[in-house]
Amino acid sequence: QVQLVESGGGLVRPGGSLRLSCEASGFRLGYYTIGWFRQAPGKEREAVSCITGDSPSGIYYTDSVKGRFTISRDNAKNTVYLQMNSLQSEDTAVYFCATDHPLGRGYCSGGGWTGMDYWGLGIQVTVSS
């Protein structure tokens with residue numbers, strides 16, 4: 001059974017840091033694109049960062065998080081991470097991880113994203129003083 005489980009969210013002050021984890025089960029995430037997405041109230045879901053299953057991996061960041069967020073993958077733990085530094089109130093949202101398993105046709109770009117077939121339930125990140 002394919003599952004993605006997010007952890008590491010919470011409440012943090014502006015300028016603080018959090019590390020989100022996305023643990024996969026039921027498939028080997030190293031072969032597929034894994035993405036972090038977020039959705040704030042009243043807004044569309046956006047792709048924050050994605051990492052492909054290629055070697056070397058292709059990595060995408062949305063402009064607003066470049067230089068602050070870092071995506072990484074630990075194949076041995078079947079987990080993808082999102083290190084979030086210098087957090088801002090605008091980063092407040094529910095964060096989801098997703099994969100393009102099993103078809104492997106997903107992608108993320110500045111023009112949008114598609115092909116993510118399995119999603120985690122999401123985790124709240126709140127940046128507030």
Side-chain angles (χ1 to χ4, degrees):
Q1 181 180 0
V2 174
Q3 275 192 314
L4 297 171
V5 179
E6 302 96 341
S7 61
L11 173 64
V12 64
R13 294 184 183 275
S17 298
L18 286 173
R19 188 177 79 156
L20 303 183
S21 299
C22 173
E23 184 174 2
S25 59
F27 73 105
R28 300 304 301 175
L29 62 75
Y31 296 116
Y32 298 94
T33 294
I34 307 293
W36 283 100
F37 299 80
R38 66 186 179 188
Q39 188 164 19
K43 295 188 176 181
E44 292 185 355
R45 189 169 298 189
E46 68 166 338
V48 176
S49 181
C50 298
I51 184 168
T52 68
D54 307 305
S55 181
S57 298
I59 291 178
Y60 163 81
Y61 296 102
T62 192
D63 285 346
S64 64
V65 308
K66 286 179 180 177
R68 301 189 297 123
F69 291 11
T70 303
I71 193 170
S72 62
R73 186 176 62 214
D74 186 332
N75 290 341
K77 294 183 178 180
N78 221 30
T79 300
V80 169
Y81 304 97
L82 186 68
Q83 178 67 44
M84 306 188 295
N85 298 329
S86 302
L87 283 160
Q88 306 165 357
S89 58
E90 295 77 16
D91 297 316
T92 295
V94 178
Y95 283 70
F96 302 86
C97 65
T99 177
D100 68 352
H101 170 82
L103 297 180
R105 296 175 183 172
Y107 72 86
C108 305
S109 72
W113 56 272
T114 190
M116 297 299 175
D117 295 320
Y118 282 95
W119 293 79
L121 295 179
I123 193 163
Q124 179 69 44
V125 171
T126 302
V127 185
S128 176
S129 56

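Counting begins at 1 with the first residue of the sequence. Worth knowing before you read on, the calculation uses all heavy atoms, side chains too, and leaves out hydrogens, waters and symmetry mates.
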Got a second to check how far [X]'s [atom1] is from [Y]'s [atom2], nearest 0.5 Å?
{"X": "Ile59", "Y": "Thr70", "atom1": "CD1", "atom2": "OG1", "value": "8.5 Å"}
{"X": "Ile71", "Y": "Cys97", "atom1": "CD1", "atom2": "SG", "value": "9.5 Å"}
{"X": "Arg68", "Y": "Lys66", "atom1": "CZ", "atom2": "NZ", "value": "12.5 Å"}

Residue set satisfying salt bridge (charged side-chain N to carboxylate O under 4.0 Å, His left out) with Arg19, at least two apart, ordered chain then number -> none

Extract all donor-acceptor atom pairs below 3.5 Å that involve side chains of residues 20-33 and protein atoms in other chains or at least two apart in sequence.
{"from": "Arg28", "atom 1": "NH2", "to": "Asn75", "atom 2": "O", "distance (Å)": "2.8"}
{"from": "Tyr32", "atom 1": "OH", "to": "His101", "atom 2": "ND1", "distance (Å)": "3.4"}

Contacts satisfying disulfide (SG to SG under 2.5 Å) that involve residues 27-59 (not counting sequence neighbours) are Cys50-Cys108

Keeping the roles fixed (side chain from [X], backbone from [Y]), state whether a donor-acceptor pair exists under 3.5 Å.
{"X": "Thr79", "Y": "Lys77", "answer": "yes"}
{"X": "Arg73", "Y": "Thr52", "answer": "yes"}
{"X": "Gln39", "Y": "Glu44", "answer": "no"}

If you look at every heavy atom in [X] and [Y], which pair is closest and at what distance?
{"X": "Ser64", "Y": "Arg38", "answer": "OG-NH2, 3.3 Å"}
{"X": "Val127", "Y": "Thr92", "answer": "N-OG1, 2.9 Å"}
{"X": "Asp91", "Y": "Tyr95", "answer": "O-OH, 2.6 Å"}
{"X": "Met84", "Y": "Val125", "answer": "CE-CG2, 4.0 Å"}

Do Asn85 and Ser17 have side-chain N/O donor and acceptor atoms under 3.5 Å apart? yes

So, Thr126 versus Gln124: side-chain donor-acceptor pair below 3.5 Å or not?
yes

Are [X] and [Y] connected in the hydrophobic side-chain network, where two residues link if heavy atoms are under 4.5 Å apart?
{"X": "Ile123", "Y": "Leu82", "result": "yes"}
{"X": "Leu4", "Y": "Tyr81", "result": "no"}
{"X": "Trp36", "Y": "Tyr60", "result": "no"}

Identify all side-chain donor-acceptor contacts of residues 7-15 below 3.5 Å with residues at least two apart in sequence or on another chain.
{"from": "Arg13", "atom 1": "NH1", "to": "Ser129", "atom 2": "O", "distance (Å)": "3.2"}

For Val5, the hydrophobic cluster (side chain heavy atoms closer than 4.5 Å, chained through members) also holds none

Joining Ile, Leu, Val, Met, Phe, Trp and Tyr whenever any side-chain heavy atoms lie under 4.5 Å apart, the cluster holding Phe96 also takes in Phe37, Val94, Trp113, Met116, Trp119

Discussion item. Working note: Asp117 + Leu103, criterion side chain to side chain contact (heavy atoms under 4.5 Å, CB included); need CA distance, chi angles, decisive distance, verdict.
Written reply: CA-CA 8 Å; Asp117 295 320; Leu103 297 180; 4.2 Å; yes

